[in-house]
Amino acid sequence: MMNRRCRITGDVVTNVLDFGRQPLGNGFLLPNNYKDEYFYQMSIGFCEQSFMMQLNEQPSPEKMFHEDYAFYSSTSRYMGDHFEEFANYLLQSEYLSNKDPFVVELGCNDGIFLKHIASKNINHLGIEPSLNVATSANLNGVETISEFFGIDLARKILKKYGQVDAFIAANVMCHISDINGVVKGISELIKPEGVIIFEDPYLGDVIRKTSYDQIYDEHVFIFSGLSIQALFSNYGFELIDLLPQSTHGGSMRYVLAKKGVYLVKDSVSNILREEHNIGLDNIDTIRKFSEKVQKSKKDLVELLSFLKKQGKRVAGYGATSKSTTILNYCGIGPELIEYISDSTPIKQGKFSPGMHIPIYSHDKFVDNPPDYAVLFAWNHAKEIMEKETNFIANGGKWITHVPEVKIL
Ligand code: TYD
C-alpha cells in the first residue's frame, strides 16, 4: 500500500486496512459491460493530526457521479421523513431568522430535502452533478444546477444569487476529495452570520458497529466531530452544534458558523469528549476496528459456505453501495448469494458491481423467497422488518453483519 498524504493537513496518513480490488459501489452493470468494468485498489488510512479516516485512492468524481448515477434518495419512506424533519429543523432554527433567506444545498439529489424549502417559497438553489437526479429535482419544483461545486461555482452563485444564509449538504461532504476547495467555496459564499449544516455517516457508529461497508469509493472520508473541527477551524469556522442521526446506519449532523457568531451548544463539548473517550483521535482504535473487519469477513464467508453446504438458498436484500464493499472484500458471488432484491427500478435486471450477482425486483423475493436473506440495507432494517412479516412467517431468516455476523 502506498503512503499518501492527508487531504486536510498534508501529513502522511497511516494505512490501516486494505480491501483489495474494488469496483464502483454504485456501478451496477449489464454483462456486455463486464469487460470494461472499472476497478481500483481500496484501502483506508488515518491521519493522526486531523483525526480523519480517509480512502487512500479515490476514483475520479466523473466516474462516480454521472448521468446514470443509480442512487435516488426518495426510494425509502423513512428517508423522506428524515429530510422533512431536517427541513423543519432548519425552518424553525435561529439560522433562518432574517426576512429573505437563501438556502443552498450541495448534492440535492432528487430534491428530497429542498422541496420542503421550495414549498415555503424560500429562495433556494440545489447543486447536483448527476444530471439524471438533478432533472428529477427540477421536476420536483426545486431549482437545480448540474455542476461540481468549488470556488468557481461559488463565485458564479454569489454573482447571480447573492450570499447564502444556510449551506446544506446530506451525504455529500464525505464524498468530496477536494474538501478544502469546497470549504473555501463555502467561505466565500456564506454571509458572516451564515451557517453550514451537513450530515454524513459517523465514524463513531462505524467503529461501534464494525460497519465497514460504509467504506466505498464515494465515501472518501468518514467524519467525526473531532475531524470536522480540525478541518473547518483552518477556515475560521467552529462547531456550534452536533446532532446524532439514525440515518445511514448512524450519522452525525454538524452545524458550523464563523467563530464567535453563535453560542456553542453543550452537545459540542459532550460529543467531542465522548469521541476522545472512545478513542476516535487514536490510531489504535482504528487498528482494532481493522481486526474486527477481518473477523467479520471470515465469519460471513464461513456462515454462507455452511448454509450452501446444507443446501439452503440465500439472497441479498437491498443492492446497496455498501454491499459492494462486503461482496468484493469477502469474495462473495452468485455461488453463495443467488440474487439481490432491490426496489430501485434502474438497478433491476442489472448485476452487482464486481461480483455480478443478479438484481431482481421485490416481486422475485415474494414469489421465490430464499431460506435466508442477507440484510444489505441494514440501515433500513426497521422499515424492511415492518413490511417483510410474510418472509419470516414462512420460515425465512435474516442474516446481518452488524455489529457482528449473525442469523437474526
Ligand atoms: P441505501 O440505504 O441508500 O444504501 P447505500 O447508500 O449503501 O446505497 O440503499 C438502500 C437500497 O435498498 C436501495 O437500493 C433501495 C433498497 N431498498 C429495498 O430494496 N427495499 C426497501 O424496503 C428499502 C428501504 C430499500
Side-chain angles (χ1 to χ4, degrees), residues 19 22-29 42 64-65 68-83 107 109-110 112-113 130 132-133 169-175 199-202 205-206 209 211-222 245-251 315-329 337 339-355 357-367 369-370 373-392 396 398 400-402:
F19 291 90
Q22 290 278 340
L24 301 178
N26 251 314
F28 301 94
L29 74 177
M42 189 172 94
M64 297 183 287
F65 310 111
D68 299 320
Y69 187 52
F71 184 86
Y72 284 80
S73 294
S74 297
T75 49
S76 151
R77 190 163 53 81
Y78 277 85
M79 285 309 277
D81 294 347
H82 171 75
F83 282 106
N109 201 274
D110 51 13
I112 189 167
F113 168 84
S130 298
N132 56 340
V133 274
N171 308 308
V172 171
M173 296 292 266
C174 75
H175 291 183
E199 29 183 74
D200 279 297
Y202 178 54
D205 285 293
V206 170
K209 298 174 188 165
S211 47
Y212 69 91
D213 51 349
Q214 288 294 2
I215 301 163
Y216 56 94
D217 57 321
E218 294 175 24
H219 291 172
V220 63
F221 302 111
I222 307 284
Q245 306 293 315
S246 61
T247 43
H248 287 287
S251 297
Y317 197 102
T320 54
S321 325
K322 294 187 288 295
S323 67
T324 300
T325 297
I326 301 176
L327 295 169
N328 288 273
Y329 174 59
I337 293 188
Y339 67 88
I340 304 174
S341 159
D342 196 283
S343 57
T344 315
I346 58 168
K347 293 182 185 174
Q348 294 159 4
K350 290 192 176 148
F351 292 79
S352 75
M355 297 312 292
I357 299 173
I359 296 158
Y360 298 131
S361 73
H362 183 251
D363 293 349
K364 167 96 173 179
F365 187 78
V366 175
D367 297 343
V374 184
L375 193 52
F376 288 131
W378 59 272
N379 47 313
H380 300 288
K382 187 166 175 277
E383 179 171 353
I384 292 168
M385 301 290 171
E386 275 168 17
K387 66 184 173 198
E388 298 300 353
T389 47
N390 276 347
F391 172 60
I392 298 296
W398 294 107
T400 188
H401 72 290
V402 282

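First listed ligand is number 1; within each ligand, the first listed atom is number 1.
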Treating S251 as the side-chain partner and E199 as the backbone partner, does any N or O pair qualify as donor plus acceptor under 3.5 Å? no

What part of K322, side chain from CB on, backbone N/CA/C/O, both or neither, has a heavy atom under 4.0 Å from ligand 1? both

Does at least one non-hydrogen atom of Y317 fall below 4.0 angstrom from an atom of ligand 1? yes

Considering only heavy atoms, which of S343, G318, P201 lies nearest to atom 25 (C) of ligand 1? S343

Under 3.5 Å donor-acceptor, Q214 side chain and K322 backbone: no

Looking only at atom types and distance, does a side-chain atom of S211 sit under 3.5 Å from a main-chain N or O of D213, one as donor and one as acceptor? no

T344, portion touching ligand 1 at heavy-atom distance under 4.0 Å: side chain

Determine whether the side chain, the backbone, both or neither of K387 has a heavy atom under 4.0 Å from any heavy atom of ligand 1. side chain

Quick look: A377 vs ligand 1, heavy-atom contacts under 4.0 Å, and the answer is side chain

If every non-hydrogen atom of L327 is compared with every non-hydrogen atom of M355, which pair is closest and at what distance? O-CG, 3.6 Å

Considering only heavy atoms of K347, which atoms of ligand 1 have at least one such atom less than 4.0 Å away? 13 (C), 14 (O)

Contact partition for M79 relative to ligand 1, non-hydrogen atoms under 4.0 Å: neither

Which of E388, K387, Q348 passes side chain to side chain donor-acceptor pair (under 3.5 Å) with H362? It is E388

Where does the angle between the aromatic ring planes of F19 and Y212 fall among parallel (under 30°), tilted (30 to 60°) and perpendicular (over 60°)? parallel

Any heavy atom of T320 under 4.0 Å from ligand 1? The part involved is both

Enumerate the atoms of ligand 1 whose separation from the nearest heavy atom of Y216 is less than 4.0 angstrom. 6 (O)

Check against side-chain hydrogen bond (donor to acceptor under 3.5 Å, both in side chains), K382 and Y78: CA-CA 9 Å; K382 187 166 175 277; Y78 277 85; 3.0 Å; yes

Could you check whether any side-chain N or O of K347 sits under 3.5 Å from a backbone N or O of A319, counting only pairs where one atom can act as donor and the other as acceptor? yes

Atom 14 (O) of ligand 1: which of D342, N379, T325, D213 has the nearest heavy atom? D342

